[in-house]
Amino acid sequence: MDFNVKKLASEAGVFFTRAVQFTEEKLGQAERTELDAHFENLLARADSTKNWTEKIFHQTEVLLQPNPSARVEEFLYEKLDRKVPSRVTNAELLGQYMTEAANEFGPGAPYGQTLIKVGETQKHLGAAERDFIHSSSINFLTPLRNFLEGDWKTISKERRILQNRRLDLDACKARLKKAKAAEAKAAALPDFQETRPRNYVLSASASALWSDEVDKAEHDLRVAQTEFDRQAEVTRLLLEGISSTHVNHLRCLHEFAEAQATYFAQCYQYMVELQKQLGRSTSTFVGNTGPASPPLSTSPPPATLPVLQSVSPNPGEVSLNPVEVTPPASGTRKARVLYDYEAADSTELSLSADELITVYSLPGMDPDWLVGERGNKKGKVPVTYLELLS
């Protein structure tokens with residue numbers, strides 16, 4: 001019990017000495033040991049790395065999971081060392097709702113068919129998003145988290161130890177300085193004027209006591225200097241390891257960018273395929289407006305609605321050159337170009353986004369293509385690149 005009390009008293013004394021030294025430094029009443037410029041640069045670089053890594057980590061979490069409640073739930077599962085349950089993405093949920101709606105409205109109706117096609121695409125997009133989230137969490141978020149929760153905590157701990165060693169060192173320097181000043185004062189002013197021998201003896205004894213105090217302070221200073229130098233070297237090695245951290249994070253960043261590029265490429269491919277399917281469905285729907293769905297009124301449809309095409313049973317058997325044909329007297333309509341398109345041969349027409357062209361269909365043409373005219377130029381144009389206007 002006595003040992004524990006002495007240890008507690010010793011620790012309390014050290015804590016009080018550090019607190020006094022720290023307070024005096026803040027008040028400008030005590031000198032402070034400054035670190036070299038290279039060490040200060042390492043500290044600033046480490047702090048900057050920690051701050052920006054933290055911001056990038058949290059914002060990446062927001063990017064991958066915008067729902068804050070879901071992020072809190074995943075955080076709790078990780079802290080409890082439990083597996084995070086699989087979560088359906090919003091796109092997958094939307095695709096499921098579209099498929100269920102199509103089954104209720106009738107999968108054979110044009111609206112039901114389109115709901116099924118768009119719903120399946122949404123499911124594919126959701127699956128691609130889930131793969132991207134999983135890949136990014138493992139290859140990008142995990143290394144950043146390991147740095148913040150592992151390496152940085154070690155660096156912070158060693159920096160706190162270094163700070164305590166520096167306070168001990170500066171406190172020893174201050175004590176030695178005071179002891180030398182007191183010793184010099186006691187040695188320079190002996191009480192020789194007193195007639196009583198007792199005063200002279202007390203003065204000589206005080207000088208000897210201050211001499212012993214100086215010797216003890218010098219010893220403590222050497223020990224504190226050694227511990228400070230050793231801790232400074234340990235901290236320096238950890239801070240220089242930030243360069244390796246940057247290299248590791250650079251590799252992880254490349255993997256994150258590659259995963260994101262793969263994700264967007266998959267989404268683009270799914271949407272292009274959906275556009276082709278919707279364009280084919282639109283051509284069929286426009287060419288068969290009667291049986292597609294019953295009209296809301298018994299009046300005939302407007303005469304301005306063109307019939308674009310009459311599909312041949314085997315369109316591949318007929319080869320047409322749009323440049324050599326004459327446009328029909330009726331059935332043409334305007335279309336806005338959605339994307340730039342470069343003609344593959346002389347039978348096709350190059351397109352520029354947002355321009356307006358005249359389009360029409362010819363018997364026997366592939367339903368994915370129309371004839372487009374712009375001024376005195378004409379050629380085949382893909383339906384998926386067009387928005388048909390009334």
Side-chain angles (χ1 to χ4, degrees), residues 91 94 98 110-111 113-115 117-122 124-125 128-129 132 257-258 260-289 292 301-312 315-390:
L94 175 60
M98 287 184 172
Y111 184 40
Q113 292 177 356
T114 304
L115 279 173
K117 293 177 182 178
V118 177
E120 289 299 322
T121 301
Q122 293 299 322
H124 290 315
L125 294 175
E129 180 184 2
F132 167 61
E258 183 178 352
Q260 197 170 31
T262 302
Y263 165 61
F264 285 121
Q266 289 177 337
C267 292
Y268 173 77
Q269 188 63 37
Y270 291 140
M271 294 310 299
V272 168
E273 185 63 28
L274 177 62
Q275 277 188 318
K276 291 181 180 179
Q277 295 178 12
L278 294 182
R280 190 177 303 119
S281 299
T282 301
S283 300
T284 305
F285 175 70
V286 174
N288 301 276
T289 56
T304 55
L305 183 62
V307 178
L308 293 185
Q309 62 182 344
S310 175
V311 182
S312 172
E317 298 177 358
V318 181
S319 179
L320 297 177
N321 188 348
V323 180
E324 300 175 355
V325 301
T326 303
S330 63
T332 62
R333 65 189 301 183
K334 292 293 184 179
R336 185 174 69 87
V337 179
L338 300 176
Y339 318 104
D340 294 340
Y341 178 75
E342 186 69 24
D345 52 44
S346 59
T347 64
E348 298 181 4
L349 180 65
S350 298
L351 303 175
S352 299
D354 295 328
E355 70 172 332
L356 294 178
I357 62 174
T358 302
V359 296
Y360 52 89
S361 178
L362 295 176
M365 282 192 67
D366 190 324
D368 291 337
W369 295 83
L370 295 173
V371 178
E373 286 191 1
R374 183 181 59 243
N376 58 353
K377 296 182 179 179
K378 60 182 177 179
K380 294 192 300 182
V381 293
V383 175
T384 55
Y385 282 71
L386 303 175
E387 178 186 2
L388 301 179
L389 306 177
S390 58

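Met271 places a side-chain heavy atom less than 4.5 Å from the side chain of Leu125. No side-chain heavy atom of Val359 sits under 4.5 Å from any side-chain heavy atom of Thr332. Within the 4.5 Å cutoff, the side chain of Val118 has no heavy atoms near those of the Glu120 side chain. Between Arg333 and Thr358, the closest side-chain pair of non-hydrogen atoms is not below 4.5 Å. Side-chain contact between Leu386 and Arg336 is absent, with no heavy atoms from C-beta onward closer than 4.5 Å. The closest side-chain heavy-atom distance from Leu349 to Lys377 is below 4.5 Å. The shortest distance between side-chain heavy atoms of Glu273 and Tyr268 does not fall below 4.5 Å.
One distance of note links CG of Asp366 with NZ of Lys380; it measures 8.0 Å at 0.5 Å rounding. Between the CG atom of Leu389 and the CG atom of Leu356 there is a distance of 6.5 Å, given to the nearest 0.5 Å. Atoms NE2 and SG, from His124 and Cys267 in turn, are 11.5 Å apart once rounded to the nearest 0.5 Å.
A search for salt bridge (charged side-chain N to carboxylate O under 4.0 Å, His left out) contacts involving Glu355 returns Arg374, not counting sequence neighbours. Listed by chain and residue number, nothing satisfies the side-chain hydrogen bond (donor to acceptor under 3.5 Å, both in side chains) test with Thr262 (two or more places apart in sequence, or in another chain). Residues that satisfy the side-chain hydrogen bond (donor to acceptor under 3.5 Å, both in side chains) test with Glu348, not counting sequence neighbours, are Tyr341.
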Item to check | CA sep, side-chain torsions, deciding dist, call: Tyr385, Leu338, side-chain contact (heavy atoms from CB on, under 4.5 Å) | outcome: CA-CA 5 Å; Tyr385 282 71; Leu338 300 176; 5.5 Å; no
Checklist entry - Hey, mind stepping through Lys276 and Leu274 against side-chain contact (heavy atoms from CB on, under 4.5 Å) and telling me if it holds? => result CA-CA 5 Å; Lys276 291 181 180 179; Leu274 177 62; over 6 Å; no
Next on the checklist: One pair to check against side chain to side chain donor-acceptor pair (under 3.5 Å): Tyr339 and Gln275. What are the steps and the verdict?
Outcome noted: CA-CA 12 Å; Tyr339 318 104; Gln275 277 188 318; 2.6 Å; yes
Next on the checklist: If you apply the rule side-chain contact (heavy atoms from CB on, under 4.5 Å), what do you find for Val381 with Leu351, and how did you get there?
Outcome noted: CA-CA 8 Å; Val381 293; Leu351 303 175; 3.8 Å; yes
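Using cut-offs of 30° and 60° for the angle between ring planes, the Phe132 and Tyr263 rings count as parallel.
Looking only at distances, a side-chain donor or acceptor of Ser350 sits under 3.5 Å from a matching main-chain atom of Ala343.
The closest side-chain donor-acceptor pair between Tyr270 and Gln122, if any, does not fall under 3.5 angstrom.
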